[in-house]
Amino acid sequence: MELHESLRGESSSFLWTYKKMQSILEAKNLHKTFEKSLQKIDVLKGVSFSLHKGEPVVFEGASGAGKSTLLHILGGLDKPSEGSVFFEI
């Protein structure tokens with residue numbers, strides 16, 4: 001699993017690597033931009049990762065880092081401005 005820098009804590013700069021395992025969820029190049037008062041706010045900037053069956057996952061970060069926005073996109077409650085989400089069903 002690889003997390004975007006804005007969602008990765010300083011103390012958790014490791015990379016999970018799984019081989020010969022199929023992803024059950026994959027996010028590729030997710031971007032989310034909101035417009036407020038003629039100003040664009042980039043909340044997600046190129047988030048990509050894969051999640052494998054049985055793999056523990058934690059999304060942590062500062063307030064406003066995009067955690068809830070990412071979960072809304074992964075749960076189908078919102079659409080990304082750019083990028084794709086794939087599920088194994």
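A distance-only check finds no donor-acceptor pair linking the side chain of Thr33 to the backbone of Ile41 [under 3.5 Å]. Without hydrogens or angle criteria, Lys53 side chain to Ser23 main chain gives no donor-acceptor distance under 3.5 Å.
The shortest distance between side-chain heavy atoms of Phe34 and Thr69 falls below 4.5 Å. When side chains are defined from C-beta on, Gln22 does not count as touching His52, because their heavy atoms never get closer than 4.5 Å.
Scanning all heavy atoms of the two residues, the minimum distance from Ser48 to Asn29 falls at OG-N, 2.7 Å. In terms of heavy-atom proximity, Ile73 sits nearest to Lys79 at CG1-C, 4.3 Å.
Summarising the geometry, atom CG belonging to Leu51 is positioned 11.0 Å from atom CD belonging to Glu88; distances are rounded to the nearest 0.5 Å.
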Legend entry - Worked check of side-chain contact (heavy atoms from CB on, under 4.5 Å) between Phe49 and Leu25: CA-CA 8 Å; Phe49 68 94; Leu25 181 142; 3.6 Å; yes
Inset, instruction - Decide side-chain contact (heavy atoms from CB on, under 4.5 Å) for Val85 and Leu30; before the verdict, give the C-alpha distance in whole Å, the side-chain angles of both, and the deciding distance to 0.1 Å. - result: CA-CA 8 Å; Val85 177; Leu30 293 179; 3.9 Å; yes
Inset, instruction - Evaluate the side-chain contact (heavy atoms from CB on, under 4.5 Å) criterion for residues Leu70 and Phe59: first the C-alpha distance (whole Å), next the side-chain angles of each, then the deciding distance (0.1 Å), finally the verdict. - result: CA-CA 9 Å; Leu70 176 60; Phe59 294 112; 3.6 Å; yes
Legend entry - side-chain contact (heavy atoms from CB on, under 4.5 Å) between Lys32 and Asp78, worked out: CA-CA 10 Å; Lys32 183 64 177 182; Asp78 201 356; 3.2 Å; yes
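A salt bridge links Glu26 with Lys28: the distance from a Lys NZ or Arg NE/NH1/NH2 to an Asp or Glu carboxylate oxygen falls below 4.0 Å.
Under a hydrophobic clustering in which Ile, Leu, Val, Met, Phe, Trp and Tyr are joined whenever their side-chain heavy atoms come within less than 4.5 Å, directly or via other members, Leu74 and Phe86 fall into different clusters.
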